Q: 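Quick one: the structure is below, and I'll ask about it shortly.
This one's a predicted model, so the numbers in the text were calculated from it and none came from an experiment.
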Amino acid sequence: MSKLSRQSLFLTFLLQFLLQLPWSSHALKQGEPPTKRRHDDADLVTDSHHDMLASVLGSKEAALESIVYSYRYSFSGFAARLTKAQASIIRGLPDVVSVRENHIHQLHTSRSWDFLGMDYRQPNGLLAKANYGEDIIIGVLDTGITPESPSFADDGYGPPPSKWKGICQVGPSFEAKSCNRKLIGARWYIDDDTLSSMSKNEILSPRDVEGHGTHTASTAGGNIVHNASILGLATGTVRGGAPRARVAMYKICWSGSGCSAAVQLKALDDAVYDGVDVLSLSLGSPLEDLGTLHVVAKGIPVVYSAGNDGPVAQTVENSSPWLLTVAAATMDRSFPVVITLGDNHKFVAQSFVLSRQTTSQFSEIQVFERDDTVKGKTVFCFGTKLDPEPDINSIIKVTGEKGGTGVIMPKYNTDTLLQDGPLTLPIPFVVVDYEIAYRIYQYYTNENDGTAKVKISLTQTTIGKVTAPKVAAFSSRGPSSIYPGVIKPDIAAVGVTILAAAPKNVIDLGIPYHFESGTSMACPHVSGIVAILKSLHPEWSPAALKSAIMTTALTYDNDGMPIQANGRVQKIADPFDYGAGFINPNMAADPGLIYDISASDYLKFFNCMGGLGSGDNCTTVKGSLADLNLPSISIPNLKTIQVATRTVTNVGQANAVYKAFLQPPVGIEMAVEPPMLVFSKDRKVQSFKVTFKVTRRPIQGDYRFGSLAWHDGGNHWVRIPIAVRIIADRFNYGAGFVNPNMAADPGLIYDIEPSDYFKFFNCMGGLGSRDNCTTVKESIADLNLPFSKLQALFLVLLFQLNLQLQWSYGLQTDQSRLYIVYLGERQHEDADLVTASHHDMLTSILGSKEETLRSIVYSYRHGFSGFSAMLTQSQARKIAGLPGVLSVTENQIYKTHTTRSWDFLGLDYKPTNGLLAKARYGEGVIIGVVDTGITPESPSFDDAGYGTPPSKWKGICQVGPSFGTNSCNRKIIGARWYAYDVPNGTLDTEVLSPRDVHGHGTHTASTAGGNIVHNVSRLGLAAGTAHGGAPRARLAIYKACWATPDGTGCSGAGLLKAMDDAIHDGVDILSLSIGGPFEHMGTLHVVANGIAVVYSAGNDGPIAQTVENSSPWLLTVAAATMDRSFPVVITLGNNEKFVAQSFVVTGSASQFSEIQMYDNDNCNADNIDNTVKGMIVFCFITKFDMENYDRIINTVASKVASKGGRGVIFPKYSTDLFLREDLITFDIPFVLVDYEISYRIRQYIINNENGNIPKAKISLTKTMVGSENSAPKIAAFSSRGPSYIYPGVLKPDIAAPGVAILAASPNTPEFKGVPYRFDSGTSMACPHVSGIIAVLKSLHPEWSPAALKSAIMTTVHIVIEEIYSNIS
């Protein structure tokens, strides 16, 4: 980053300038430098500088005072302190080549610490004040360490701190001398399971093979090492956060095997004994480790990574409230490469492109196909549906082997790609966003001057030119599934492209420092900062250190804007993305107030878990988690009013007055009592109450966020984040959401004549004459579009608190497995006696000391009492029943939306003075539907009461099999079909006529313009009246989409012909619930003829840049939910009830049945057998194969039903796309639950007391309509903007109901004679808007398509903070 020097900034007008003088007044000779010295004598050169400067300043003395440097050896010039006026005069002198203001060029370092404001060179900076963390001991639990790295050299270190009791455990490639005065201790831990599954490259010693531990340890506490880089990138100085801290490594993670919970507990136990000050663990699992509470109780802060399963909600790991859980964010360093096309268009992307990979010369572009000849060419992959994503490694490998020179590929986010991987590739690999990808594709397909070419520049390292921080896309998000009353993660730190120490064998490049990205890299940044703070404030507790970090965090980026969160769609970050915000170490050193918690404070909130309390305080009534003195407040179940209490301790100026500043969550009234805190020498601790009150009618809502800050009028702002979810008592996007009644009278409209598009789109489509085609292309920003924005937020759901973790009930064998027996606090001070008690307990079950010694793996005896042992399930059950045993858990491996829609829209067909009545229900308006055809027998298309078609109608009724001339009527006034461009072999299941086989067209047509049909339901669900938006409109069907073995497809050629015919036929509106990656220019012709064209936005959300049909003349529709739900109640054997949504129409599970649980990978059709007969199958899955999710659900449901199972309960982050026919067609109830419910069901199963059989029952589905359902919400599947084709146009334009829409069904065997059925998608939202357009067109026939679009967009529901996005 370059900026003005401190001195220059201080001197307002006296700025420092650099002058360059020519070598001669004559023309330059070829090859000679332009600033060659005029004199060989350096003194004469300096004299000439003085003379020139004196001629401007007036005297030699002034010149000597002004000049700073004289450049007199290799070239001629000088630096001097000048005013702007003086500099301007010198600039006009003969022979002066240039005068420019001086800039300070910063060193390029590992950068992260400088970005955090921790410059090691400042003598009065935070690091210096903390003595660089001298003698603080950082314990790292990871994959081991590389002792030879300069980051761990011990030059200048004294002996270890006297408190250190640790050891240097040797092994192959790790001798006693591998430890030193920097790396003061090392241990390694392995069990038989790990030993049998670990990589063959592993070494049974603290030696790091994987590289992860070396990287994290050096980031937390590595030495200051100059001139570090990775192959020339990110050159500068690397160091840890506490560079003079001592490091202790505990190798618990092994390549190929992960990190065993048993060995993790042993390492924690040893660390307490050894005397570490801080523990850093860049690892995790979906479940919590209670041993960490003992560590914190010993005064040792424990820092954990949050996990890399983002941006999906409810994925945060390590969420116990006593831990400091770290999210990952970017920093202000980037690695740009320039892609230059043959037409000289340039695009900037990020990647690692080195000189050995490219010659930076133009090469031909080749669109990738595996059989193409790519030798000497740059391969360009233009995939528009990257789910699943292509196999990047295979593409690069094939390209390289065939002599290709590089690969360019689109991707939504590069956070996880900027690691070592691209450096190992033989050819450049560059990821671009979809806008750039589309531009390259357009160049490739439209190149008329010869072969399309491209070149890729080498990577540069730039600092300070990018917006940062941003929460990384991969960083796991809250809320916590285990502790919904605790905001997690706690804090964010840099974790993208971190340069730190490497093992010797890293990626076979032999480099000492390398890049890594992940929350694993963010965690040690915080660990290092905690070490620094502990050095400054050794008396602070772990909770105080955590409070200081959280209450001083930043929520704004380096541009002064709210921090953004990368993901499938970028958004403003909230506490479930980054906790309190981005870490600010300098402010954390002086927080003003702290929220402290003693170890005993946890007792009343966690039922004395861990046995930390005495018998007396274990009888304390369990307190509200909202009152635990955390530097955050989370209330997951606010019904009417709730009060939270907090206590703060003044650690700043003794006499201070703090005033409360509130930012209440939307819909919540928030008050603080007292609103002012007065501190003195005698009154350092004060408590206050925060009251939260629902200000609107309680509905089942989503999380709303706010904050509370205490300010002393000076530098101290003590801020905590707040998250509140409102729940109802009954049950434990574009411009916005369409508002048809307001759209009928918008007041103002933004109109656009078709000719107005010419100057913006270079007469595309041939609509302009030659004269106006010569008009200079203008900025699309000036096109008269009705732009508005929809605020999109995460939909998040919470889990309930339950801490005791036991073995899986679903285990069907009695083979020996590794179990952890947890006994709580030690009963003996002597560790040997603790171990002896473990042996005695185990012997009482196994029968002999010998069996005990063979069984036991670890004895936890220093910080707490417990052991791990190889046991059968029956043995584990017996031990669980012994006195003093708190829990027995199996070892874990730690790794990384009837027809209600129209009533909801306010289009009630019954009021005689309503909008529909005023518009005569769309009478006389013709809606053209381009889709899969129609089912003319449906009551939705009956023509009783209709007159002859409008006189303007010129269309035909094209007949075919199962569709005669009488299939058209006075409702369906025309029908055509287009199959000439569809291969005959693909139409085996189709009918060559307008007859609908697929069902999609029948559904959309009835939604847009279907008749009013009473007493409609789907097996009793959603019972009521079905009708289209314009129920008296006429329909014209254009069948251009066909069901094929590969799915339903719509040929572009057929679509264009349908549009062309529709113009001729005289339609008023065209509704197309279809899409593709490219735009149809034919639609501009349709609009130019006064026909409004409505398209669906696509179902590829919630990923950004997936919106389709984004031409500005189109009306593009996103999908949203409505205020109707289909609740089912799951009741457990302990009478605990949970509400979910599904279509349960059979009572096979309405009585209590035993639950059979399948964990993670075990939940698949292959593992389900006859044992599930008569049972309800419950799948507890924490890691999803999203690509195959539909297939997994279908196969599991089918297999359970075939084996006699009574139902299935299955976890899912969002059910938007699953509220459709599939759930009804299953033979047994299939219920999707969120992760809060899923976790609580699991806890009921594994904690079932007295060996009782866990049971559950599932109610039948009910239909619930009204305010108890928070709506609308943008559907998770709805495609998001921005448009990569038209980035200057906001898309989608509007949102409408598109989830669980009940509409007409085809009369085919596949649909079993069901006249109305459910479906979800933007395909269902599109005809809602088409129907509304028809109604508006009936009211305002003179309005243009642009005027109709404007009316809809400018009258949306304006309380946008209540419209949320579901993001799965």
Q: Got Phe582 and Asp557 here, is their nearest side-chain heavy-atom distance under 4.5 Å?
A: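 The answer is no, as the side chains (C-beta and beyond) never meet within the 4.5 Å cut-off.
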Q: Keeping Asn308 on the side-chain end and Gly518 on the backbone end, is there a donor-acceptor pair under 3.5 Å?
A: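 Such a contact is absent between Asn308 side chain and Gly518 backbone.
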Q: Considering only heavy atoms from C-beta outward, does the side chain of Leu293 approach that of Ser320 to under 4.5 Å?
A: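 In short, these two side chains do not touch, never coming nearer than 4.5 Å.
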Q: Would a distance-only check, ignoring hydrogens and angles, find a side-chain to backbone donor-acceptor pair under 3.5 Å from Thr691 to Val643?
A: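 Side chain of Thr691 to backbone of Val643, a donor-acceptor pair under 3.5 Å: no, none is there.
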Q: Step by step, would you call Ile597 with Trp322 a side-chain contact (heavy atoms from CB on, under 4.5 Å)?
A: CA-CA 9 Å; Ile597 306 175; Trp322 49 87; over 6 Å; no
Q: side-chain hydrogen bond (donor to acceptor under 3.5 Å, both in side chains) between Asp142 and Thr216: does it pass, once the steps are laid out?
A: CA-CA 8 Å; Asp142 215 298; Thr216 58; 3.0 Å; yes
Q: Can a donor-acceptor pair be found, under 3.5 Å and without considering hydrogens, that links the side chain of Ser632 to the backbone of Pro721?
A: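 Absent.
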Q: Could you pull out the closest heavy-atom pair between Ser707 and Met670, with the gap in Å?
A: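 Here Ser707 and Met670 meet closest at O-CE, 3.7 Å.
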Q: Is there a side-chain contact (heavy atoms from CB on, under 4.5 Å) between Arg646 and Ile633? Walk through the geometry before answering.
A: CA-CA 9 Å; Arg646 289 294 185 273; Ile633 299 176; 3.4 Å; yes
Q: What pair of heavy atoms forms the shortest contact from Trp717 to Gly714, and how long is it?
A: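 Closest pair (atom of Trp717, atom of Gly714, distance): NE1-O, 4.5 Å.
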Q: Roughly how far, to the nearest 0.5 Å, is CG of Leu324 from OG of Ser527?
A: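 Between Ser527 OG and Leu324 CG, I get 8.0 Å after rounding to 0.5 Å.
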Q: Can you label the angle between the Phe705 ring and the Phe576 ring as parallel, tilted or perpendicular, going by 30° and 60°?
A: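 If you compare the ring of Phe705 with that of Phe576, the planes turn out perpendicular.
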Q: Of all the heavy-atom pairs spanning Ala327 and Tyr578, show the shortest one and how long it is.
A: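 Residues Ala327 and Tyr578, closest heavy atoms: CB-CA, 4.5 Å.
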Q: I'd like to check Ile137 versus Pro161 (side-chain heavy atoms, cut-off strictly below 4.5 Å). Are they in contact?
A: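 Side-chain contact under 4.5 Å: yes.
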Q: Is it the case that the side chains of Asp596 and Ser541 hold a donor-acceptor pair, with the cut-off being a distance below 3.5 Å and no angle test?
A: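 The criterion, which ignores hydrogens and geometry beyond distance, is satisfied for Asp596 and Ser541.
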Q: Any donor and acceptor pair, going by atom type alone, linking the side chain of Lys693 with main-chain N or O of Ala671 inside 3.5 Å?
A: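 Not confirmed, Lys693 side chain does not pair with Ala671 backbone.
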Q: When you measure from the side chain of Thr219 to the backbone N and O of His215, does any donor-acceptor pair fall under 3.5 Å?
A: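 Pair found, side chain donor or acceptor close to backbone of His215.
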Q: Quick check against the 3.5 Å criterion: does Thr519 have a side-chain atom that pairs as donor or acceptor with the backbone of Ser305?
A: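 Such a contact is absent between Thr519 side chain and Ser305 backbone.
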Q: How long is the span from the CD atom in Gln653 to the CG atom in Asp712, to the nearest 0.5 Å?
A: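 CG of Asp712 is found 8.0 Å from CD of Gln653.
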Q: Please determine whether side-chain contact (heavy atoms from CB on, under 4.5 Å) holds for the pair His525 and Ile498, giving the CA-CA distance in whole Å, both sets of side-chain angles, and the decisive distance to 0.1 Å.
A: CA-CA 10 Å; His525 279 88; Ile498 304 302; 3.8 Å; yes
Q: Rounded to the nearest 0.5 Å, what separation is found between the NE2 atom of His716 and the OG1 atom of Thr551?
A: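 If I round to the nearest 0.5 Å, the distance is 9.5 Å.
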Q: Does some side-chain heavy atom of Ser680 sit less than 4.5 Å from a side-chain heavy atom of Asn655?
A: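 Touching, per the 4.5 Å side-chain cut-off.
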Q: If you measure only the distance, is there a donor-acceptor pair under 3.5 Å linking the side chains of Asn318 and Thr325?
A: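 On atom types as modelled, these side chains do not qualify, holding no pair under 3.5 Å.
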Q: Arg719 side chain to Ala580 main-chain N or O, any donor-acceptor pair under 3.5 Å?
A: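 Yes, the answer is positive, given that a donor and an acceptor are paired below the 3.5 Å cut-off.
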Q: Would the number of heavy atoms belonging to other residues, nucleotides or ligands and lying under 6.0 Å from CG of Asn715 be above 12?
A: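 Open.
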Q: Which heavy-atom pair separates Ala522 from Ala493 by the least distance, and what is that distance?
A: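 So the two residues come closest at CB-O, 3.5 Å.
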Q: Rounded at 0.5 Å granularity, tell me how far CG in Asn586 sits from CD in Gln122.
A: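 These two atoms lie 8.0 Å from each other.
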Q: How close do Tyr250 and Gly139 get, counting heavy atoms only, and between which atoms?
A: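 Taking Tyr250 first and Gly139 second, the nearest heavy atoms are CE1-CA, 4.2 Å.
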Q: side-chain contact (heavy atoms from CB on, under 4.5 Å), that's the test. Do Ser535 and Ile136 meet it? Break it down for me.
A: CA-CA 7 Å; Ser535 183; Ile136 296 295; 3.9 Å; yes
Q: Using modelled atom types only, decide if a donor and an acceptor are shared between the side chain of Asn558 and the backbone of Ala468 within a distance under 3.5 Å.
A: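 Confirmed, Asn558 side chain pairs with Ala468 backbone.
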Q: Just to verify, which of Ile720, Val657, Val672 counts as forming a side-chain contact (heavy atoms from CB on, under 4.5 Å) with Trp710?
A: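 It is Val672; the other options fail the test.
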Q: How many angstroms lie between OG1 in Thr467 and CE in Met561, if you round to the nearest 0.5 Å?
A: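 Going from the OG1 atom of Thr467 to the CE atom of Met561 covers 9.5 Å.
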Q: Check the pair Ser520, His212 against side-chain hydrogen bond (donor to acceptor under 3.5 Å, both in side chains), reporting the backbone distance first and the verdict last.
A: CA-CA 8 Å; Ser520 283; His212 194 272; 2.9 Å; yes
Q: Is Ile635 close to Arg725 at the side-chain level, that is, under 4.5 Å between some pair of heavy atoms?
A: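 No. Closest side-chain heavy atoms not under 4.5 Å.
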Q: How far apart are the closest heavy atoms of Ile722 and Pro575, and which atoms are they?
A: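 In this case the closest contact between Ile722 and Pro575 is O-CG, 4.5 Å.
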Q: Give a yes or no on whether the backbone of Thr645 and the side-chain of Asp627 come within a donor-acceptor separation of less than 3.5 Å.
A: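 It does hold such a pair.
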Q: Just to verify, which of Arg477, Lys488, Lys470 counts as forming a salt bridge (charged side-chain N to carboxylate O under 4.0 Å, His left out) with Asp577?
A: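 Going through Arg477, Lys488, Lys470 one by one, the salt bridge (charged side-chain N to carboxylate O under 4.0 Å, His left out) with Asp577 is satisfied by Arg477 alone.
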Q: Tell me, do Pro321 and Leu628 make a side-chain contact under 4.5 Å, heavy atoms counted?
A: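 Of all side-chain heavy-atom pairs linking Leu628 with Pro321, at least one is under 4.5 Å.
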Q: A side-chain contact here means heavy atoms from C-beta on lying under 4.5 Å apart; do Asp490 and Lys546 qualify?
A: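 Yes; the side chains approach each other to less than 4.5 Å.
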Q: Quick check against the 3.5 Å criterion: does Asp274 have a side-chain atom that pairs as donor or acceptor with the backbone of Val276?
A: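 Side chain of Asp274 to backbone of Val276, a donor-acceptor pair under 3.5 Å: no, none is there.
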Q: Rounded to the nearest 0.5 Å, what separation is found between the CG atom of Leu126 and the OH atom of Tyr132?
A: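 If we round to the nearest 0.5 Å, Leu126:CG and Tyr132:OH are 10.0 Å apart.
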Q: Would you say Asn131 and Arg244 make side-chain contact, with heavy atoms under 4.5 Å?
A: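 No, their side chains stay 4.5 Å or more apart.
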